[in-house]
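None of these values were measured; they are calculated from a predicted model. The first residue in the sequence is number 1, and the count goes up from there. For the numbers below, each heavy atom of this structure counts, side chains included, while hydrogens, waters and symmetry mates do not.
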Amino acid sequence: MTLFNKLSVTNFTASTIPDDFLKDFAHHQKITRKWVRTDAGWELEDASILREWDAEKRIWLAGYMREKIQNGGTVMAAFLPEGQLAGFCCVGGDLAGETASYANLLLLFVDDRFKRHGIGRLLLQEACRYAKKLGAEKLFLSAIPSEDTIAFYQNMGCVDAKEIVNSFVDDEEDRLMEITTKDGN
């Protein structure tokens, strides 16, 4: 049996996300190549970026997730049978868009120790299902433009966003992408 088949997915309420929710979550992202926007489109360039969460960032993220749940969003987490957190995602509760109804994928992370076992795919599918229940036709994501991150989303069926939902953009350097909610089923 694969790790994917052993996972359980839980939807959280704001009161069930403690400050230490991410205390043992392994997140160490070394970015050696990233996508940059040029006049010709997107191009890969070399980078040397290390993204890690310190204790303060982990507490902030837990509070951020609680706030998003209180505002109509959701947090879903995948757990191993022993109860260890393997990955999580957060979808905002607001819909926006002119040409389509978009929900916003705010967070999607898989613990470094459990990557490449289908956990990210499972969480993205669950995020699409939730967005569809909200009435969204598409899920918008403002993705860190690392080569690996963008490759994951493209492999899942995400494409560059056809519409830019400015209120959903995290960082002007992010790669703005979308996936139709039916793709998540």
Side-chain angles (χ1 to χ4, degrees), residues 3-27 29 53 57-81 83-97 100-112 114-115 117-144 149 152-153 155-159 161 163-171 174-185:
L3 180 62
F4 180 84
N5 293 329
K6 297 177 184 178
L7 296 171
S8 62
V9 176
T10 301
N11 284 51
F12 284 85
T13 63
S15 64
T16 58
I17 299 179
D19 279 347
D20 67 352
F21 179 63
L22 300 173
K23 178 180 59 126
D24 298 321
F25 194 85
H27 176 64
Q29 185 178 16
W53 299 335
K57 175 74 172 193
R58 292 168 189 273
I59 292 169
W60 180 87
L61 281 166
Y64 177 80
M65 289 187 273
R66 286 191 298 265
E67 174 188 316
K68 295 307 172 186
I69 293 170
Q70 290 167 340
N71 291 326
T74 193
V75 171
M76 295 170 273
F79 289 92
L80 298 174
Q84 184 173 10
L85 177 64
F88 66 93
C89 69
C90 178
V91 178
D94 298 329
L95 300 181
S101 178
Y102 288 88
N104 191 8
L105 179 65
L106 299 163
L107 303 168
L108 192 155
F109 289 95
V110 175
D111 186 298
D112 293 344
F114 309 116
K115 287 187 175 183
H117 289 283
I119 297 165
R121 173 183 300 276
L122 172 67
L123 290 169
L124 185 58
Q125 289 171 339
E126 292 296 324
C128 285
R129 283 188 191 99
Y130 182 79
K132 190 172 189 172
K133 286 180 189 175
L134 284 177
E137 300 164 271
K138 297 181 179 188
L139 189 61
F140 184 92
L141 47 138
S142 185
I144 294 167
T149 299
F152 163 75
Y153 284 120
N155 286 337
M156 297 303 106
C158 296
V159 297
E163 178 182 344
I164 305 306
V165 182
N166 288 319
S167 62
F168 290 172
V169 176
D170 287 335
D171 188 300
D174 283 354
R175 183 93 180 243
L176 309 176
M177 304 183 83
E178 67 181 43
I179 186 170
T180 59
T181 54
K182 69 178 174 145
D183 290 342
N185 292 331

(message) Any non-hydrogen side-chain atom of Val75 less than 4.5 Å from a side-chain atom of Asn11?
(response)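 Answer no - side chains too far apart.
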(request) Test side chain to side chain contact (heavy atoms under 4.5 Å, CB included) on Trp53 and Trp60 and set out the steps. (result) CA-CA 10 Å; Trp53 299 335; Trp60 180 87; over 6 Å; no
(request) Could you check if a side-chain atom of Lys115 sits within less than 4.5 angstrom of a side-chain atom of Ile119, using non-hydrogen atoms only? (result)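 No - every pair of side-chain heavy atoms lies 4.5 Å or more apart.
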(message) Which heavy atom of Ala161 sits nearest to which heavy atom of Phe140, and what is that distance?
(response)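 Nearest pair, atom of Ala161 first, then Phe140: CB-CE1, 3.8 Å.
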(message) So Gln84 and Phe114, do their side chains get closer than 4.5 Å, heavy atoms only?
(response)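 The answer is yes, as the side chains (C-beta and beyond) meet within the 4.5 Å cut-off.
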(request) Check whether any side-chain heavy atom of Leu22 sits under 4.5 Å from a side-chain heavy atom of Phe88, and report yes or no. (result)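 The answer is yes, as the side chains (C-beta and beyond) meet within the 4.5 Å cut-off.
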(request) Flag the pair Leu176 / Val169 as yes when at least one side-chain heavy-atom distance between them is below 4.5 Å, and no otherwise. (result)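 Yes; the side chains approach each other to less than 4.5 Å.
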(request) Report the C-alpha separation of Ile69 and Ile17 in whole Å, then their side-chain angles, then the decisive distance to 0.1 Å, and conclude whether the side chain to side chain contact (heavy atoms under 4.5 Å, CB included) test is met. (result) CA-CA 10 Å; Ile69 293 170; Ile17 299 179; 3.6 Å; yes
(message) Is it the case that the side chain of Arg58 and the backbone of Phe25 share a donor-acceptor pair, with hydrogens and angles ignored and the cut-off at 3.5 Å?
(response)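 Checked: pair present.
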(message) To the nearest 0.5 Å, what is the distance between OG1 on Thr74 and CZ on Phe12?
(response)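 CZ of Phe12 is found 9.5 Å from OG1 of Thr74.
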(message) Let me confirm one number: the CG-NE2 distance from Leu7 to His117, rounded to the nearest 0.5 Å.
(response)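 Answer rounded to 0.5 Å: 9.5 Å.
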(request) Provide the closest heavy-atom pair for Leu95 versus Ser101 in the form atom of the first, atom of the second, distance. (result)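 Reported closest heavy-atom pair: CD1-OG, 3.6 Å.
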(request) Indicate the atoms forming the closest heavy-atom contact of Gly72 with Leu134, along with that distance. (result)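 Closest pair (atom of Gly72, atom of Leu134, distance): O-CD2, 4.4 Å.
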(request) Just grab all the salt bridge (Lys or Arg N to Asp or Glu O under 4.0 Å) pairs involving residues 86-95, residues at least two apart or on different chains. (result)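 Output for this query is empty, none listed.
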(message) Run Phe152 and Met156 through side chain to side chain contact (heavy atoms under 4.5 Å, CB included) and show every step you take.
(response) CA-CA 6 Å; Phe152 163 75; Met156 297 303 106; 3.6 Å; yes
(request) Nearest 0.5 Å please: distance from the CZ atom of Arg175 over to the OG atom of Ser142. (result)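 Taking CZ in Arg175 and OG in Ser142, the distance rounds to 12.0 Å.
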(request) Write down the atom of Cys128, the atom of Leu139, and the distance for their closest heavy-atom approach. (result)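 In this case the closest contact between Cys128 and Leu139 is SG-CD2, 4.0 Å.
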Under 3.5 Å, sequence neighbours excluded: what are the donor-acceptor pairs made by side chains of residues 102-112?
unit_1 : atom_1 : unit_2 : atom_2 : d
Tyr102 : OH     : Glu178 : OE1    : 2.5
Asp111 : OD1    : Arg113 : N      : 2.9
Asp111 : OD1    : Arg113 : NE     : 2.9
Asp111 : OD2    : Ala26  : N      : 3.0
Asp111 : OD2    : Arg113 : NH2    : 2.6
Asp112 : OD2    : His28  : N      : 2.7

(request) First locate atom SG of Cys158, then atom NZ of Lys138, and finally report the distance between them rounded to the nearest 0.5 Å. (result)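 With rounding to 0.5 Å, SG (Cys158) is 11.5 Å from NZ (Lys138).
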(request) Could you please spell out the steps behind the side chain to side chain contact (heavy atoms under 4.5 Å, CB included) verdict for Cys89 and Leu124? (result) CA-CA 8 Å; Cys89 69; Leu124 185 58; over 6 Å; no
(request) Would you name the heavy atoms of Phe21 and Ala62 that are closest together and state the gap between them? (result)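 That closest heavy-atom pairing would be CB-CB, 4.5 Å.
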(request) Could you tell me whether a side-chain N or O of Thr181 sits under 3.5 Å from a main-chain N or O of Glu137, the two making a donor and an acceptor? (result)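 Flag set: sc Thr181 to bb Glu137 pair under 3.5 Å.
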(message) How close do Gly97 and Val165 get, counting heavy atoms only, and between which atoms?
(response)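 So the two residues come closest at CA-CG2, 4.4 Å.
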